[in-house]
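A short worksheet on the structure shown next.
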Amino acid sequence: MKILFVTAEAHPLVKTGGLADVCGSLPLELMRHGHDVRLVLPAYPTALARARDLTCVGTVDIPLAPAPVRVLLGTMPDGQVPLYLVDSPAHFAREGTPYGDERGQDWSDNAERFAVFCRAVTAMALERVTPGWRPDVVHCHDWHTGLVPALLQLEPAATRPASIFTIHNLAYQGLFSYSKFQDLLLPSGLWRPDGLEFHGKMSFIKGGLVFSDWLTTVSPTYAEEICTPRLGCGFDDLLRRRRDRLCGILNGANYEEWDPGNDPFIARPYTAQSIESKAENKRHLQESLGLARDEESPLIASVGRLVEQKGIDLMVEAMSELMERPVQLVVMGNGERRFGSALEDAARQNPGRLAVHVGYTEELAHQVEAGADMFLMPSRFEPCGLTQLYSMRYGTIPIVRRTGGLADTVVDADATNVAAGRANGFVFEEPTQPELLRAVDRAIECFAETPGTWRQIATTGMAQEYSWTRSAGRYRDLYRGALCDRPA
Ligand code: ADP
Ligand code: GLC
């Protein structure tokens, strides 16, 4: 099958979170299953710099773009996955993230930017830009790509590719005003309640939710949750109506990049058999972050975007109580300034015990996973979550709230699960401070008083198989099903 994989980010070209990890790994895994997969992204400066062997293979005129948009073809940095870049310098030649400037302010023309991207991708999918390669399936990810299924369904069913839309996070919807909709020069028929209109605004993600042939999301539990008012973000009714077209496929982890036995970023590689070498990584991390050298106290880590989704507000509220316990804490991430400043204040009040790194580097993320004992993830919702999977692989025991992909991957260390040898973490139910602290206390007690059980939980996590192999097979089956649905 020929698959066009459409995304706003892919590691190692450009990354703000797990979307990039997924889109950087899944295409290669699908290629290993024998499919002809091509990735397409906007031509951001870092993508242009990191991609290999780019040449211009066509141009497309898009009403919103001041000049013909060039389509470049090359490969990902690994030299394996073919990569298209949609090159409209007026929209993408900027420093910053894919969505905003370095201070975190969204670009004011994001609607135009991703509309240009989606228009170019639609033309490519219909073989109007690059003759000779016509995808059978167009697989789109998150709101930035939501106009592609909307534009494709305007074409005769027999001549367009099947479309699949994956929801990585329903909370980001690409909402813009009606006048923006008019500026985008989209077909006016798309403005209707069962089209792109959403409570008087235009919603990019709705294009994917309404018009794609199949919908997926990144864990079975999140697939259930988004069909309820609590986590449906206003789309639960629509999603319930499309329930027979929605499936939850758990993300995989890229164990080639996240392998404690072979990780160029960490001080001392280790495996489940040599898990005591984690201690050296812990010492190294304590030193590099200015934490006191302390082998006795557990080191708790948090790596993630500083947003309410991740329960950072809960962690901030619980900070003084957390610091009353015999623990050290390292928090790394960037996001909302209020959380960054609150955490930095707390770090000043707890020198040597709380290290805060506002920002993100891949290198430090690996060192934290290797050096910490526990990984705290009190998410209010979590479509899948990858960091808990990386933590498990590194023998760093996750403490998580039971939601979305966390519910699907972390097995609580209650007496029954421990006895059965399947516990791999600590799970709590409600996003409240007392519940979070109770889970942390259970983990501290286990760490301090039953080291044998602690080791068992850690090595159970390390042995867990959340690789892409199985999930890629599920996507392959879905692509096949989508093609069988097509008119002959
Ligand atoms: P999400 O996608 O919701 O941020 P995931 O757990 O799925 O959460 O994926 C997070 C991925 O992004 C991990 O590889 C993590 O190391 C990385 N990451 C975490 N915080 C940041 C950040 N501020 N900037 C870039 N990448 C980040
Ligand atoms: C989103 C979700 C996260 C998921 C990631 C990759 O960013 O917040 O839970 O793991 O996408 O699918």
Side-chain angles (χ1 to χ4, degrees), residues 7-26 46 96-100 102 104 139 141-144 165-172 205 216-219 221-223 225-226 231 233 248-255 257-258 263 265 301-312 330-337 339-340 343 356-370 372 375-394 396 398 400-401 403-410 466 468 471 475:
T7 176
E9 33 180 301
H11 179 70
L13 298 180
V14 58
K15 164 166 166 175
T16 72
L19 172 64
D21 286 358
V22 171
C23 294
S25 306
L26 178 55
T46 55
T97 75
Y99 321 116
E102 271 128 359
H139 187 168
H141 299 264
D142 270 358
W143 75 261
H144 331 98
F165 186 81
T166 295
I167 304 161
H168 293 263
N169 197 329
L170 193 57
Y172 297 96
I205 203 171
T216 77
T217 188
V218 288
S219 70
T221 295
Y222 193 59
E225 289 172 334
I226 55 178
L231 288 181
C233 301
I249 303 178
L250 198 66
N251 283 336
N254 180 340
Y255 291 135
E257 293 211 359
W258 295 92
D263 184 333
F265 294 127
S302 157
V303 177
R305 295 176 294 112
L306 304 180
V307 294
E308 274 186 25
Q309 174 192 343
K310 301 287 172 185
I312 291 295
V330 45
V331 185
M332 156 155 89
N334 51 14
E336 290 182 40
R337 194 162 308 156
F339 295 133
L343 289 165
V356 172
H357 178 96
V358 175
Y360 178 85
T361 69
E362 208 64 17
E363 183 174 355
L364 186 56
H366 284 248
Q367 291 166 354
V368 169
E369 294 288 10
F375 191 89
L376 184 57
M377 216 168 160
S379 304
R380 292 181 178 280
F381 69 95
E382 196 60 74
C384 178
L386 294 167
T387 47
Q388 84 279 14
L389 303 182
Y390 304 152
S391 300
M392 285 194 233
R393 197 56 154 197
Y394 280 69
T396 303
V400 307
R401 165 150 185 265
T403 183
L406 300 175
D408 293 334
T409 55
V410 184
Y466 289 112
W468 272 112
S471 299
Y475 281 108

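We count ligands from 1, going down the list as the structure has it; atoms in each ligand are counted the same way. Positions are given from 1, in the same order as the sequence printed here. Quick note: numbers below take in every heavy atom, side chains included, and nothing from hydrogens, waters or symmetry partners.
- Proximity to Pro383 (heavy-atom distance under 4.0 Å) selects the following atoms of ligand 2: 2 (C), 8 (O), 9 (O).
- Of the protein's heavy atoms, Glu382 OE2, 3.4 Å lies nearest to atom 3 (C) of ligand 2.
- Distances from atom 5 (C) of ligand 2 to the heavy atoms of Cys23, Gly17, Gly18 put Gly18 nearest.
- A salt bridge links Glu382 to Lys310: one of the charged nitrogens lies within less than 4.0 Å of a carboxylate oxygen.
- The immediate protein surroundings of ligand 1, defined as residues with any heavy atom under 4.0 Å of it, consist of Lys15, Thr16, Gly17, Gly18, Asp21, Gly304, Arg305, Gln309, Lys310, Asn334, Tyr360, Glu382, Gly385, Leu386, Thr387, Tyr390.
- The contact set between ligand 2 and Gln309, taken as ligand atoms under 4.0 Å from a residue heavy atom, comprises 8 (O).
- A heavy-atom distance below 4.5 Å is found between the side chains of Ile205 and Leu170.
- Listed by atom number, the atoms of ligand 2 under 4.0 Å from Val218 heavy atoms are 12 (O).
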Evaluate the criterion side-chain hydrogen bond (donor to acceptor under 3.5 Å, both in side chains) for residue pair His366 and Glu257; output intermediate values, then yes/no. CA-CA 9 Å; His366 284 248; Glu257 293 211 359; 5.3 Å; no
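- Ring geometry, His144 versus Tyr99: the interplanar angle falls under 30°, so the pair is classed parallel (tilted spans 30 to 60°).
- The shortest heavy-atom contact between Pro98 and Val14 is CG-CG2, 3.5 Å.
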How far apart are the C-alpha atoms of Val330 and His357, what are their side-chain angles, what is the distance that settles it, and do they pass the side-chain contact (heavy atoms from CB on, under 4.5 Å) test? CA-CA 8 Å; Val330 45; His357 178 96; 6.0 Å; no
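- Near Val22, the atoms of ligand 2 lying under 4.0 angstrom from a non-hydrogen atom of the residue are 6 (C), 12 (O).
- The shortest contact between atom 1 (C) of ligand 2 and any protein heavy atom is with His168 O, 3.2 Å.
- Of the protein's non-hydrogen atoms, the one nearest atom 10 (O) of ligand 2 is Gly385 N, 2.8 Å.
- Outside the 6.0 Å centre-distance limit, the rings of Trp143 and Tyr172 are not counted as a close aromatic pair.
- Between Glu362 and Lys15 there is a salt bridge, since at least one side-chain N of the basic residue sits less than 4.0 Å from a carboxylate O of the acidic one.
- Taking the six-membered ring where the residue is Trp, the centroids of His139 and Tyr475 are separated by under 6.0 Å.
- At a heavy-atom cutoff of 4.0 Å, ligand 2 is contacted by the side chain of Asn251 but not by its backbone.
- Interface atoms of ligand 2 facing Asn169, defined by a heavy-atom separation under 4.0 Å, are 8 (O).
- Within the 4.5 Å cutoff, no side-chain heavy atoms of Met332 are placed close to those of Ser302.
- If you number the atoms of ligand 2 from 1 as listed, the ones under 4.0 Å from a heavy atom of Arg305 come out as 8 (O).
- Arg401 places a side-chain N or O within 3.5 Å of a backbone atom of Arg380 that can act as its donor or acceptor partner.
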